[in-house]
Amino acid sequence: MGLKQSKKPIIILIIYIALVAVFLWPVLQTVFLSFEKPSEICEYFRGNTLPLFPKSISLEQYYDLLIHNSFYLNMFWLTLFISIVTACLNVLISLMSAYVLAKIPFRYATIILFIYILAMMMPFQVTLLPNYIISKWTGLYDTVFVLIIPGIFNPFGTFLLVQVIKTVDSETLEAAAMETNKPLLVLFKLVVPQIRAGIATLFIIVFADTWNMVEPVMVLTKNPSLRTLGTAFNDIYTYNISIAFSGCVIYMLPVVFLYLLFEQEIKGGFSTILLNTNIKKASW
Amino acid sequence: MLRKEITIMSRGIRFMKKGGWLLMPGFIGFLIFYVIPFVFSFYYSVIKGPMDHSFIFLDNFIETVKNKYFRIAFLNTLKFSLVSVPATVVFSYMLAMLQLNPKKGLGFLRFAFVLPVLLPVASVAVIFKSAIGTDDMLLLYLFFIWKNCGLNMMIILRALLMIPGELYEASSIDGIGRIKRFFYITLPMTIPSVLFVIIWTIASSFKVFKELYLWYGAYPDESQYMLQHYMNNHYTKLNYQTLSTSAILFFSFIYLIVLIFYSSERSYSKNLWD
């Protein structure tokens, strides 16, 4: 196995690096062009071709975006607040639900999980209008809560964590359940430490999802001060194209930062799996 | 009769004592924000209009199916899914296999594949279009793969790493070739994850809209007119009956697909473990 593998690594390495370059291209281009002068950006869009590197380097775009025009910055903080709160609470709720569905056997577990999967796949438009009606009823319409609360109950988290918690050894949990009748204790002391990678992954995904949210904001709020960063982008391309790239960079930043923050955690999860199995064995 | 109710109740109490109540907050919220709206939507699709709540059963559905643009949108979405889902899943699988070649110090490059999943569509769609330079469906396919393969790759990679090493040891003793080993060990062991990835990708393929909207607006070329356009345009026109009806039709279609995959996954894992 080891011998056979050493024949090809150069080719595989080249393919790998080429793929990385292709995947990163649009992101790098965005970052580079964010340092271009706003007037040049307008020129590029008129000519319909975008170069990889800017002709000149300036911070004018960032100045226009962050200092000259403070409402983008306000949007940034609001979106950050909404995303963090939603992600934290969604992880908590998902952990609790997933623990029951994965580890406490009861009759309706499969059917509930199935309904969760269906809801997860439902396109946003299916519940667009009823969500509006319900938000009016509950008095959540046009408040910041209407952007947070539905996200907390998004079934994706439960579904993901059910898959993860299923891999946790059942016997220790049962033994622990004999000792104590506080399921929360079992969950947080025994289950959570073993699935940190899964939790970190879910946190990032929910955060990114909320961070990118556009349609609910349009439908469920009308107060301009509740506009999130995602909604601003439709306008940026039509009215403020000159600062679009710096806007994109600022928009990407928190998600990238979060990924880097959790990378160790996710990698840690991977390496514990690696210790149990032998990675080389699984390769080609 | 009474005895039956008592057993059900005691079973419920036992379940709650074991920690079943942990499910309740999530489930109640889920009912309020996901299930009840769906029931509402369903109700809207079988009544005549917002003013006249008379029950007309299937008339809305028949009218929607007869609509030319609904059919175009439906076929376009279907065509897009049929091409993009296999392409994305196969590509993700290959990417995950590529990750297994442990080159020291290159692990951080995995970041490049995961990044597009997390990046907001709005921030990359426009630049992606200019980087690719084409204007036809290829652009959409490439964007879809670029955007979705990262998460799939992580899930498949996880499954690949969970395969017990003994299986490979046994196979090398038996002298099985690489290709056979892939089809007899690697692929079967990762099938549950692959099915999950397929379901997830199908769902995403139905949701392709934001990028198209940014590129071509609410009324693109007929070949790129998706179900999401259709529903969105009816929403902005306040045409709620059509919106609910097409949404329900769309949903039933998804439901059918999930049902097929879900049952095949269950029967598959049963065969695997029994």
message: Can you list everything that forms a side-chain contact (heavy atoms from CB on, under 4.5 Å) with P183(A)? Sequence neighbours excluded, please.
response: Y99(A), W21(B), L22(B)
query: Given a strict heavy-atom distance threshold of 4.5 Å, which part of Y116(A) is in contact with chain B: side chain, backbone, both, or neither?
result: both
- prompt: Should F156(A) and W200(B) count as side-chain neighbours, where that means a heavy-atom distance under 4.5 Å?
  reply: yes
4.5 Å side-chain heavy-atom contact, Y251(A) and L119(B): no
- prompt: Is the distance between the ring centroids of F111(B) and Y259(A) under 6.0 Å?
  reply: yes
query: Can you say whether I134(A) sits under 4.5 Å from chain B via the side chain, the backbone, both, or neither, judging by heavy atoms?
result: side chain
- request: Specify which of F128(B), F209(B), F27(B) makes the most heavy-atom pairs with chain A at under 4.5 Å.
  value: F27(B)
message: Quick check for you: among V114(B), I248(B), I202(B), which has the greatest number of heavy-atom pairs under 4.5 Å with chain A?
response: V114(B)
- prompt: Considering only heavy atoms, which portion of L229(A) lies under 4.5 Å from any heavy atom of chain B: side chain, backbone, both, or neither?
  reply: neither
field: Among the listed options F206(B), F113(B), F250(B), Y44(B), the residue most often paired with chain A at heavy-atom distances under 4.5 Å
entry: F113(B)
query: Side chain, backbone, both or neither: which part of S94(A) has an atom under 4.5 Å from a heavy atom of chain B?
result: neither
- prompt: Between F159(A) and chain B, which part of the residue has a heavy atom less than 4.5 Å away: side chain, backbone, both or neither?
  reply: side chain
query: Side chain, backbone, both or neither: which part of V27(A) has a non-hydrogen atom closer than 4.5 Å to chain B?
result: side chain
- prompt: chain B heavy atoms under 4.5 Å from I133(A): which part of the residue, side chain, backbone, both or neither?
  reply: side chain
- request: Decide yes or no for F251(B) and L118(A): does some side-chain heavy atom of the first lie under 4.5 Å from some side-chain heavy atom of the second?
  value: yes
message: Heavy-atom cut-off 4.5 Å, strictly under: side chain, backbone, both or neither for I115(A) against chain B?
response: both
message: Does any backbone or side-chain atom of D209(A) lie under 4.5 Å from a heavy atom of chain B? Answer side chain, backbone, both or neither.
response: neither
- prompt: So what's closer than 4.5 Å to chain A heavy atoms on P116(B): side chain, backbone, both or neither?
  reply: side chain
field: Proximal component of L19(A), with respect to chain B [non-hydrogen, under 4.5 Å]
entry: both
- prompt: Is the shortest heavy-atom distance from the side chain of N212(A) to the side chain of V121(B) under 4.5 Å?
  reply: no
query: Can you name the nearest heavy-atom pair linking R110(B) to Y16(A), along with the distance?
result: N-OH, 3.8 Å
task: Using a 4.5 Å cut-off on heavy atoms from C-beta on, say whether the side chain of I32(B) contacts that of I149(A).
output: no
Test side-chain contact (heavy atoms from CB on, under 4.5 Å) applied to F30(B) and S97(A), P155(A), P150(A), the passing residue: P155(A)
message: In the structure I gave you, are the side-chain heavy atoms of L259(B) and F114(A) within less than 4.5 Å of one another anywhere?
response: yes
task: Below 4.5 Å from any heavy atom of chain B, which atoms of L89(A) appear? Answer side chain, backbone, both or neither.
output: neither
- request: Take the angle between the ring planes of F40(B) and W137(A) and call it parallel below 30°, perpendicular above 60°, tilted in between.
  value: perpendicular
query: So which of G29(B), C149(B), S45(B) has the biggest tally of heavy-atom pairs under 4.5 Å with chain A?
result: G29(B)
query: Which region of F253(B), side chain (C-beta onward) or backbone (N, CA, C, O), has a non-hydrogen atom less than 4.5 Å from a non-hydrogen atom of chain A, or is it both or neither?
result: neither
